[in-house]
Amino acid sequence: MRYIREHAVFIFFLIEALAIGIFQTLGNTDKLWNYVFAENIASGLMPYRDFNLLQTPFSCLVNALFLTIFGYHVVVMELLGAVLFTLICTRLYRLCRELGATPVTSMVIPQTFLYLFCYNVFFEYSCLILFLQLCLLSADLMALRRQKAFWNRPMYQMALGAAAGLAILSKQTYGLFVAGASWLGCLYTCGCLKKTKKETGVLLLARAAGVLIPCLIFLAFLTLTGTFNDFWDMAVAGISTFTSKYSYLELAKEEWGYTIACVGAPIVIFVSLILGIRRRKDLYGQTLLVILLYGAGGLINLYPLANAYHFSTTVLPFLLLIPALLPSGFWQKRPVCLLGGTAVAVVWCFLVVHIPYDVMSNNHLCTTLDQYEGVFISDSMEEDILEITAYVQEQQEDGMTVYILDNRAASYFLPLHQYHKYYDMFLLGNLGTTPPQELLEQACREDVVFLVPNSEKKEWQYPWSAVKSLKTKLSYAGSVGDFDVYMTKG
């Protein structure tokens, strides 16, 4: 019976994830950037050397593999994201069941995750790290609560360490803190299970060795391909050029929902910490402390942008404190089950019925643009892409190089199968340590057409001062779409 239920739960979440994965539009620039990274790798370009990439490349490599197998289409990355989201939901469900929630109420937190991320379903590093974080948390929590014998095996610890290492290879900062939490989680679990110093040392070394394996492979790759300096410039030194900040307080002021979440989360965490410390010698307190430890490992994702997306990825592991705090008898009460079941049903209808209907009502399935085939697109966006790509081709036929200095550049160059390092992601923090003025001066050494946004959008990282200086040195040549055109020759 349990076997059937587990599969039914997986299919339930898969239906939801596929619905919100398939019925999306092209408005998410982060999705397009992640797709560009993957297609560049699949096409033989070298990360860091041939195209600018801020994070470590594991999620891009996974996407590249599936693009190579199934074709260069954005929908492939969306479907892969739906599978990832299903796995996250299944892991959350099993953790909630372990913490005493009923089959129905165990679906509330996974449904919350899908609701929070319903417009971001694609395979990318934040949710991949979240999944690895939940797997590591689950492994230590299960060992603590069920005394799993295989947890004591060094090879198992190496496998867990490798998962933490893959988190580092997905995003160096976020992943590093999750890996650190994993190592401390191993140490804490050994203490709770009263392991000897020798046993603890062996298990800690095994997990640390597991972390090092993928990291050393990546280091060898950088060394052998001669791209270490490019990686350092882009993904380490270049981070200092990222100037935008969005504080936790600013998020709390956005709207009442965020206010409640931003105030409520610290309260739940503080109460859990006090109870965990007071009851650290029994399973209840130890469970709370393990969840807090792994949740704390993800807090780095709030810096420097504590926006809604980063807050959601950070707060999700802490939601497990709710079933951990409340006694299992609470979840058996009929009103709680009824309320939980109602919430699950409402979210299911929103995800599986409302979102597809809304997307289909305002967009159509793209069939004319190569990489966008199978993705929903608005009439205005398709017309915009066709107009810009036609203009770019016309200028290139006249011997001009065209750069689109906008965060949407990828959406126009993808159908043309073109990529321009730095210029297609012309934002501070994406350029390594090279000043934007220097990059623009280098571009002007040839016959160039620049397409520049004709209004100052709220793009935090856009180097407006460098672009404004550039415009004074070039010839204005009209406009196309919502871009002003500037040329190096009249």
Side-chain angles (χ1 to χ4, degrees), residues 9 88-116 130-131 133-148 178 181-182 184-185 188-189 191-193 248 252 257-299 301-302 311-344 347:
V9 167
I88 291 172
C89 288
T90 304
R91 181 53 50 192
L92 286 169
Y93 173 83
R94 290 176 179 171
L95 281 165
C96 290
R97 291 287 290 135
E98 178 66 28
L99 294 171
T102 64
V104 172
T105 53
S106 291
M107 302 183 82
V108 173
I109 291 179
Q111 292 290 85
T112 301
F113 163 71
L114 289 175
Y115 177 78
L116 290 172
L130 177 60
F131 173 65
Q133 183 183 15
L134 291 172
C135 288
L136 291 163
L137 165 61
S138 179
D140 288 346
L141 198 61
M142 295 298 182
L144 199 62
R145 296 174 66 87
R146 296 192 184 186
Q147 303 288 318
K148 293 288 187 179
V178 168
S182 168
L184 292 175
Y188 179 71
T189 305
C192 293
L193 297 177
Y248 192 84
Y258 293 139
T259 303
I260 294 173
C262 289
V263 173
I267 292 174
V268 172
I269 291 170
F270 180 74
V271 170
S272 300
L273 181 60
I274 297 299
L275 289 174
I277 293 173
R278 291 184 62 182
R279 298 185 56 177
R280 61 188 178 277
K281 294 184 179 181
D282 62 35
L283 183 59
Y284 179 82
Q286 292 166 358
T287 298
L288 291 175
L289 290 175
V290 168
I291 295 172
L292 285 168
L293 176 60
Y294 274 95
L299 288 175
N301 210 30
L302 287 175
F311 175 77
S312 297
T313 58
T314 299
V315 80
L316 198 73
F318 288 118
L319 292 181
L320 294 168
L321 292 170
I322 297 173
L325 280 169
L326 298 170
S328 58
F330 173 83
W331 303 107
Q332 310 295 330
K333 294 180 180 179
R334 187 169 181 177
V336 175
C337 291
L338 182 61
L339 182 62
T342 302
V344 169
V347 173

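Index from 1, following the sequence.
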Output a table of donor-acceptor pairs, distance under 3.5 Å, between side-chain atoms of residues 314-325 and any protein atom two or more places apart or on a different chain; print 'none' if there are none.
from	atom 1	to	atom 2	distance (Å)
Thr314	OG1	Gly298	O	3.4
Thr314	OG1	His310	O	2.8

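Applying the side-chain contact (heavy atoms from CB on, under 4.5 Å) test to Ala143 and every residue at least two apart in sequence or in another chain returns Trp151, Thr189. Shown here are the ring-ring contact (aromatic ring centres under 6.0 Å, His included) partners of Phe113, two or more places apart in sequence or in another chain: Phe85, Phe117. Looking at residues two or more places apart in sequence or on another chain, you find no ring-ring contact (aromatic ring centres under 6.0 Å, His included) involving Phe330.
Proximity of a side-chain donor or acceptor of Ser182 to a complementary backbone N or O of Val178 within less than 3.5 Å is not detected. In this structure, the side chain of Tyr93 does not engage the main chain of Pro110 through any donor-acceptor pair within 3.5 Å.
Arg91 and Ser138 share a side-chain donor-acceptor pair at under 3.5 Å.
The side-chain hydrogen bond (donor to acceptor under 3.5 Å, both in side chains) analysis of residues 96-108, with sequence neighbours excluded, yields the pairs Glu98-Arg145, Glu98-Arg146, Thr102-Thr105. Within the structure, side-chain hydrogen bond (donor to acceptor under 3.5 Å, both in side chains) contacts touching residues 272-281 (residues at least two apart or in different chains) are Arg279-Asp282.
Residue Cys192 comes nearest to Leu144 through the heavy atom pair CB-CD1, 3.2 Å, listed as atom of the first residue, atom of the second, then distance. Nearest heavy atoms, Ala265 versus Tyr248: CB-OH, 4.4 Å. When every heavy atom of Cys262 is checked against every heavy atom of Pro266, the shortest pair comes out as O-CD, 2.9 Å. Between Gly340 and Val104, the closest heavy-atom pair is C-CG1, 4.2 Å.
Under a cut-off of 6.0 angstrom, the local environment of OH in Tyr188 is crowded, with over 12 non-hydrogen atoms contributed by other residues, nucleotides or ligands.
In this structure the side chain of Leu95 never reaches within 4.5 angstrom of the side chain of Ile109, judged on heavy atoms. By the 4.5 Å heavy-atom criterion applied to side chains, Thr112 and Leu116 are counted as neighbours. With contacts defined as side-chain heavy-atom distances shorter than 4.5 Å, the pair Tyr294/Leu141 does not qualify.
Rounded to the nearest 0.5 angstrom, Ile277 CD1 and Leu289 CG are separated by 6.5 Å. Of the inter-residue distances, the one linking Leu288 atom CG with Leu275 atom CG reads 6.5 Å to the nearest 0.5 angstrom. Atoms CG and CG, on Leu137 and Leu292 in that order, are 10.5 Å from each other to the nearest 0.5 Å. To the nearest 0.5 angstrom, Leu293 atom CG is 8.5 Å from Asp140 atom CG.
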